[in-house]
Amino acid sequence: MIRKYKVGDVVSLKKPHPCGTNEWEILRTGVDFKLKCLGCERQVWIPRINFEKRVRKIYIDGKWENVRK
């Protein structure tokens with residue numbers, strides 16, 4: 001299933017950030033994704049292909065949903 005990601009979505013990635021959290025807010029989409037760490041607020045750019053491999057869960061309507069089944 002192809003999932004549409006939008007600005008403002010909160011996602012959980014496979015590996016945690018060095019600050020200890022693995023929750024990120026999407027700031028920009030396109031060929032590259034701009035993400036903000038919700039632990040330390042650092043911003044990073046990740047190519048779309050790498051982002052789609054790393055994302056595990058998305059926060060929708062107050063609960064975490066798995067991206068892969």
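All values reported here derive from a predicted model rather than from experimental measurement.
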K.L.:
So which atom in Cys40 and which in His17 form the shortest heavy-atom distance, rounded to 0.1 Å?
P.N.:
SG-CE1, 3.4 Å

K.L.:
Could you tell me whether the side chain of Trp45 reaches within less than 4.5 Å of the side chain of Arg28, counting heavy atoms only?
P.N.:
yes

K.L.:
Fit a plane to each ring of Phe33 and Phe51, take the angle between them on a 0 to 90° scale, and name the class: parallel (under 30°), tilted (30 to 60°) or perpendicular (over 60°).
P.N.:
parallel

K.L.:
Rounded to the nearest 0.5 Å, how far does OH of Tyr59 lie from CD of Glu65?
P.N.:
11.0 Å

K.L.:
Which distance, rounded to the nearest 0.5 Å, do you find between the CD of Glu23 and the NZ of Lys57?
P.N.:
9.5 Å

K.L.:
Answer yes or no: is there a side-chain heavy-atom contact under 4.5 Å between Ile26 and Val11?
P.N.:
yes

K.L.:
Is Lys36 paired with Glu25 through a side-chain N to carboxylate O contact shorter than 4.0 Å?
P.N.:
yes

K.L.:
Could you walk me through whether Cys37 and Thr21 pass side chain to side chain contact (heavy atoms under 4.5 Å, CB included), step by step?
P.N.:
CA-CA 8 Å; Cys37 176; Thr21 186; 3.3 Å; yes

K.L.:
Check whether Asn50 reaches the backbone of Pro47 with its side chain - one donor and one acceptor, N or O, closer than 3.5 Å.
P.N.:
no

K.L.:
Is any side-chain heavy atom of Arg54 closer than 4.5 Å to one of Lys15?
P.N.:
no

K.L.:
Should we say atom CD of Glu41 is surrounded by more than 12 heavy atoms from elsewhere, each under 6.0 Å from it?
P.N.:
no

K.L.:
Does a sphere of radius 6.0 Å around CZ in Arg42 hold more than 12 heavy atoms from other residues, nucleotides or ligands, not counting ones at 6.0 Å or beyond?
P.N.:
no

K.L.:
How long is the straight-line distance from OG1 of Thr29 back to NZ of Lys4, given to the nearest 0.5 Å?
P.N.:
9.5 Å

K.L.:
Under a 4.5 Å cut-off applied to non-hydrogen side-chain atoms, are Val10 and Ile58 in contact?
P.N.:
no

K.L.:
So do Ile46 and Leu35 actually touch side chain to side chain, heavy atoms under 4.5 Å?
P.N.:
yes

K.L.:
Quick one: are Leu13 and Trp24 in side-chain contact, heavy atoms under 4.5 Å?
P.N.:
yes

K.L.:
Determine yes or no for a side-chain-to-main-chain donor-acceptor pair under 3.5 angstrom, with Arg56 supplying the side chain and Asn66 the backbone.
P.N.:
no

K.L.:
Would you find more than 12 non-hydrogen atoms of other residues, nucleotides or ligands less than 6.0 Å from Ile60 atom CD1?
P.N.:
yes

